Asker: 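Take this structure, written in structure tokens, and hold onto it; I'll ask about it next.
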Number of protein chains: 2
Amino acid sequence: MAWDTEGTRRRLREAATAEFAERGLDGTTMTRIATRAGINKERLYSYYGDKNALWAVVLTDELDKLASAVALTGAGLDDIGDFAGATYDYHAAHPELGRLLQWEGLTRAPAADVARRSAHYREKVERFAQAQRDGLLAPGLDPDHLCFALIALAAWWQTVPQLAEMITGAGGDDLDERARRRAFVVEAARRLASPKA
Amino acid sequence: MAWDTEGTRRRLREAATAEFAERGLDGTTMTRIATRAGINKERLYSYYGDKNALWAVVLTDELDKLASAVALTGAGLDDIGDFAGATYDYHAAHPELGRLLQWEGLTRAPAADVARRSAHYREKVERFAQAQRDGLLAPGLDPDHLCFALIALAAWWQTVPQLAEMITGAGGDDLDERARRRAFVVEAARRLASPKA
DNA sequence: TAAAACTCCAACGGATGCGTTGGAATTTGA
DNA sequence: TCAAATTCCAACGCATCCGTTGGAGTTTTA
């Protein structure tokens, strides 16, 4: 059997991503990661250093995936709805990233990649502002707050799934409920941003 | 010095609330709680059992405080706005609750006090449904999803403060920004629920 | 063929945390 | 006055985890 060092690295990284998303930095043990990957613990340390370094690698990787995933194309009402829907879809399909960011936020650690993420969001806000000036979106709403609210609508479900289940009576694994939630998110985004009313 | 068992209980509970909100269930140590309260660890165990039981007590307490601070009186458009505003105010003034709920959301443990919390929310949802039938709220929106979205709008700021700061460019300790956020939440809630449009 | 790189395995030292225990003060109430 | 309750203190047994180490196979490369 030929060596596959890159495969070993990848399997370790994937196992670490899953474990970190599941249990956070504190709750994850290096032994569990190695066992999950089916690789010896010694390899884990020799490739990735200590636990904190591994955490940084995992988070940076997932942020890169996010950066190249969701885009805001136009700035009309339809685009707003699409954006909210796509964001909801991404979080529903990739709950690991949301969970990783939550763990990061709760541990009061300085957020990773602040500059790039800030620029990313400011570009979206500026697009909203322009759309407002063009009369495509409701005037009187702060575009930054609107942007933030759209993300809230899309991400809140994954953030407090227990609360979502208590209120709706169904879990996020229920496909029908998931579709209803998505439809609500899109409709709510449109109502929020609509220039009428 | 006279005994003050109730004070001892309270100090332990308050210390536990602060520590749990700060570090979560796993990250918190019983020794830290006792030290923070200035009370011996043995008292902590004799009063509250083990760590999980203490966690449940803390969470139930904080949810009770929220429930008695934020009431949904009527079901008209103004009441919806007031409800959203009051919820925002409470979370802004008591960020611990949001953090506790977030920790709970991240640990896959079954939520504490599910029955009572579910009943509490279902009562609100039912009120929304009735208001819809009366034509006071927008038809076509699932009342449970609407209820969930209102909480999202109010709580999301405290949940991901780093994200809020990246998007708005100001922190939650900025009083002007805080007022703008509150105004946005109230307005957004009204736009969401409004029967017009 | 020989050296270098990769992998597995078992076990260690040090640290931390949970929950408990035994003992000794102090205060309360009968 | 005396028993019960409250508090503090120090330490224990047990478990877990981190990060490392020494040794032994296997595969590649030179």
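Throughout, a chain's letter reflects where its sequence line sits, starting with A, and its residues are numbered from 1. These values consider heavy atoms only, across backbone and side chains, with no hydrogens, waters or symmetry-generated copies. This structure is a prediction, so every number in the text was calculated from the model and none was measured.
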Asker: Rounded to the Å, how far apart are A/Lys41 NZ and D/dC18 P?
Answerer: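 Roughly 7 Å, once rounded to whole Å.
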Asker: How many Å lie between CG on B/Asn40 and C1' on C/dG22, as a whole number?
Answerer: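 Atom-to-atom, B/Asn40 to C/dG22, this comes out as 13 Å.
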Asker: Verify the cluster assignment for A/Leu25 and B/Val160: are they in a single hydrophobic cluster under the rule of side-chain heavy atoms below 4.5 Å apart?
Answerer: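 Same hydrophobic cluster.
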Asker: By nearest atom, which of the nucleotides D/dT6, C/dG19, D/dC17 is closest to the B/Arg43 side chain?
Answerer: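 Looking only at heavy atoms from C-beta outward on B/Arg43, the closest nucleotide is D/dT6.
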Asker: To the nearest Å, how far apart are A/Met30 CE and D/dT20 C1'?
Answerer: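 Taking atom C1' of D/dT20 as the reference, CE of A/Met30 is at 12 Å.
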Asker: For A/Asp26, enumerate each residue passing the side chain to side chain donor-acceptor pair (under 3.5 Å) test, keeping only those at least two apart in sequence or located in another chain.
Answerer: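 Scan of A/Asp26 (side chain to side chain donor-acceptor pair (under 3.5 Å), adjacent residues dropped) gives none.
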Asker: Using only side-chain N and O atoms of B/Tyr45, determine if any of them is under 4.0 Å from OP1 or OP2 of C/dT21.
Answerer: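 No, no such contact exists.
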Asker: So A/Tyr47, base contact, sugar-phosphate only, or nothing? Heavy-atom distance under 4.0 Å.
Answerer: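 Result for A/Tyr47 = sugar-phosphate.
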Asker: Could you state the CD1-P distance from A/Ile39 to C/dC6, rounded to the nearest angstrom?
Answerer: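 Answer to the nearest Å: 13 Å.
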Asker: Which part of the nucleic acid, if any, lies within reach of A/Gly49 when heavy atoms closer than 4.0 Å are counted: base, sugar-phosphate only, or nothing?
Answerer: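 Counting heavy atoms under 4.0 Å across all strands, no contact is made by A/Gly49.
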Asker: Under 4.0 Å, counting only non-hydrogen atoms across every strand here, what does B/Gly38 touch: a base, just sugar-phosphate, or nothing?
Answerer: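 Sugar-phosphate contact only - B/Gly38 comes under 4.0 Å of backbone atoms but never of a base.
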Asker: Using whole Å, report how far CZ of A/Arg23 lies from P of D/dC18.
Answerer: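 To the nearest whole Å, that distance equals 12 Å.
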Asker: Looking at A/Thr8, I'd like to know whether one of its side-chain N or O atoms comes within less than 4.0 Å of OP1 or OP2 on C/dT7.
Answerer: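 Yes, within the criterion.
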Asker: Between B/Leu12 (CG) and D/dT6 (C1'), how many Å, whole number?
Answerer: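 These atoms are roughly 13 Å apart.
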Asker: Ignoring hydrogens and geometry beyond distance, is the side chain of A/Lys51 in donor-acceptor contact with the base of D/dG19 at under 3.5 Å?
Answerer: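 Looking at the base of D/dG19, it does not pair with any donor or acceptor on the side chain of A/Lys51 (distance under 3.5 Å).
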Asker: Take B/Glu6 and A/Leu25, find for each the nucleotide of DNA chain D with the closest heavy atom, and name the residue whose nucleotide sits nearer the 5' end.
Answerer: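 Its nearest nucleotide being more 5', the pick is B/Glu6.
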Asker: For residues A/Trp157 and B/His145, establish whether the separation of their ring centroids is below 6.0 Å.
Answerer: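 That pair passes the under 6.0 Å test.
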Asker: Quick one: sort the B/Trp103 and A/Trp103 rings into parallel, tilted or perpendicular, breaks at 30° and 60°.
Answerer: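 Rings of B/Trp103 and A/Trp103: tilted, as their planes differ by 30° to 60°.
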Asker: Output the rounded distance in Å from CD1 (A/Ile33) to P (D/dC17).
Answerer: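 Taking atom P of D/dC17 as the reference, CD1 of A/Ile33 is at 12 Å.
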Asker: Measure CD/A/Glu42 against P/D/dC18 and give the value in whole Å, please.
Answerer: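 Atom-to-atom, A/Glu42 to D/dC18, this comes out as 16 Å.
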Asker: Of the candidate nucleotides C/dT21, C/dC18, D/dT6, which contains the atom at the shortest distance from the side chain of B/Thr31?
Answerer: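 Of the options given, the side chain of B/Thr31 lies nearest C/dC18.
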Asker: In chain order, what residues pass the side-chain contact (heavy atoms from CB on, under 4.5 Å) check against B/Asp89, with sequence neighbours excluded?
Answerer: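 Testing B/Asp89 for side-chain contact (heavy atoms from CB on, under 4.5 Å), a comparison that skips the adjacent residues, returns B/Arg182.
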